[in-house]
Amino acid sequence: MGGSLTFKAALTERLALIHPSREQVQALITEHPPRLTEGIKDLIHRLHQRNIQVFLISGGFRSIVEHVATELDIPLTNVYANRLKFYFNGEYAGFDETQLTAESGGKGKVIGLLKEKFGFHNVVMIGDGATDMEACPPADCFIGFGGNVIRQQVKEKAKWYITDFEELLQELDNDSIKMNHNEIIY
């Protein structure tokens with residue numbers, strides 16, 4: 001997605017080529033389940049202990065992201081991702097184009113919605129891609145993550161860049177980051 005098309009148009013074109021059936025999607029999830037990055041379970045657990053709500057915002061597909069949310073004990077209501085649509089016989093029928101994550105700048109729109117809906121004053125976005133970084137603002141802080149893949153643009157532009165979650169866990173342990181009831185103070 002080099003920028004010549006909107007995210008929604010690029011997604012439409014890619015899915016038209018792939019034309020995944022419900023059975024193929026389920027087989028993909030079963031045969032190649034999403035793997036969690038080392039340390040993420042501990043980080044999410046620690047945030048939950050501090051009553052911090054965690055949301056998964058993805059340009060990927062909800063059917064896959066929900067598996068990750070379940071493993072991390074994140075409520076499915078806190079998942080924002082694209083929804084594939086299928087006919088009753090399981091054939092591909094498109095995707096839900098009304099999802100904010102189907103739009104260019106969708107992650108930022110979701111964060112704006114969350115701030116409005118829940119009254120959050122400080123939202124931290126952690127991600128490895130340019131679309132994650134572009135969600136700040138409205139996110140109040142962006143932490144670049146290079147534990148799975150290092151994207152030079154993210155590494156160079158993020159004010160805080162990590163390659164594993166241990167650094168964030170240490171900062172939480174040291175109380176360098178004050179988090180309580182959805183308030184984050186650096």
Side-chain angles (χ1 to χ4, degrees), residues 25-26 28-83 100-101 106-115 117-186:
V25 172
Q26 289 304 328
L28 174 70
I29 293 168
T30 302
E31 295 168 17
H32 305 283
R35 293 183 312 187
L36 297 180
T37 303
E38 188 176 328
I40 190 64
K41 276 188 175 184
D42 291 336
L43 177 62
I44 300 302
H45 178 73
R46 199 84 52 87
L47 292 171
H48 284 158
Q49 285 179 323
R50 293 174 178 238
N51 296 316
I52 302 296
Q53 289 192 59
V54 178
F55 294 84
L56 296 179
I57 305 170
S58 174
F61 297 105
R62 188 173 182 91
S63 53
I64 296 168
V65 178
E66 283 181 344
H67 287 275
V68 173
T70 300
E71 284 192 55
L72 295 174
D73 200 26
I74 295 172
L76 298 184
T77 54
N78 289 12
V79 173
Y80 290 82
N82 293 307
R83 292 179 189 266
L100 292 176
T101 51
K107 291 178 182 180
K109 291 174 185 175
V110 170
I111 290 173
L113 173 77
L114 294 173
K115 288 178 106 173
K117 182 177 179 179
F118 295 105
F120 296 146
H121 298 289
N122 293 297
V123 174
V124 175
M125 176 71 151
I126 301 172
D128 65 0
T131 60
D132 301 311
M133 192 168 52
E134 290 167 358
C136 183
D140 302 285
C141 175
F142 171 71
I143 300 172
F145 180 70
N148 297 317
V149 62
I150 295 175
R151 293 189 172 90
Q152 202 59 36
Q153 177 188 17
V154 175
K155 185 176 182 179
E156 290 172 2
K157 292 186 178 180
K159 292 180 181 172
W160 190 359
Y161 188 82
I162 60 171
T163 56
D164 63 55
F165 291 115
E166 186 59 36
E167 182 177 342
L168 289 178
L169 288 165
Q170 289 174 3
E171 294 294 329
L172 286 170
D173 287 343
N174 295 335
D175 281 334
S176 300
I177 306 171
K178 304 288 185 199
M179 297 184 173
N180 201 1
H181 302 287
N182 300 317
E183 293 296 318
I184 301 167
I185 302 161
Y186 316 101

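- Residues Ile44 and Ile74 meet the side-chain proximity criterion, which asks for heavy atoms closer than 4.5 Å.
- Residues meeting the side-chain hydrogen bond (donor to acceptor under 3.5 Å, both in side chains) test with His45, sequence neighbours left out: Gln49.
- Here the shortest heavy-atom pairing between Gln53 and Phe118 reads NE2-CD2, 4.4 Å.
- If you take NZ on Lys115 and CZ on Phe120, they are separated by 10.5 Å, rounding to the nearest 0.5 Å.
- Shortest non-hydrogen contact noted between Val25 and Ser63 is CG1-OG, 3.7 Å.
- Atom NZ in Lys41 sits 10.0 Å away from atom CG in Asp73 (nearest 0.5 Å).
- Looking at every heavy atom in both residues, Ala69 comes nearest to Val79 through CB-CG2, 3.5 Å.
- Of the inter-residue distances, the one linking Asp128 atom CG with Thr163 atom OG1 reads 12.5 Å to the nearest 0.5 angstrom.
- The distance from the CG atom of Leu100 to the CD1 atom of Ile111 is 11.5 Å, given to the nearest 0.5 Å.
- Annotation: side chain of Val68 is in contact with side chain of Leu56 (closest heavy-atom distance under 4.5 Å).
- Counting heavy-atom neighbours within 6.0 Å of Glu38 CD, excluding the residue itself, gives a total of 12 or less.
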Practice prompt. Dump the intermediate steps for side chain to side chain contact (heavy atoms under 4.5 Å, CB included) on Thr70 and Leu76, then the final yes or no.
Written response: CA-CA 7 Å; Thr70 300; Leu76 298 184; 4.0 Å; yes
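- Of all the heavy atoms in Gly112 and Pro138, the pair that sits closest is N-CG, 3.8 Å.
- Distance check: Glu71 CD to Ile40 CD1 gives 11.5 Å after rounding to the nearest 0.5 Å.
- Across every non-hydrogen atom of Ala81 and Gly60, the tightest pair is CB-O, 3.7 Å.
- By the side-chain hydrogen bond (donor to acceptor under 3.5 Å, both in side chains) test, Glu166 pairs with no residue at all, sequence neighbours left out.
- When all heavy atoms of Ile126 and Phe145 are compared, the pair lying nearest together is CG2-CB, 4.2 Å.
- Atom CD1 of Ile162 sits about 7.0 Å away from atom CG of Asp164, to the nearest 0.5 Å.
- Surrounding CG of Asp42 are more than 12 heavy atoms belonging to other residues, nucleotides or ligands, all under 6.0 Å away.
- Phe55 and Tyr80 have tilted rings, their planes meeting at an angle from 30° to 60° on a 0 to 90° scale.
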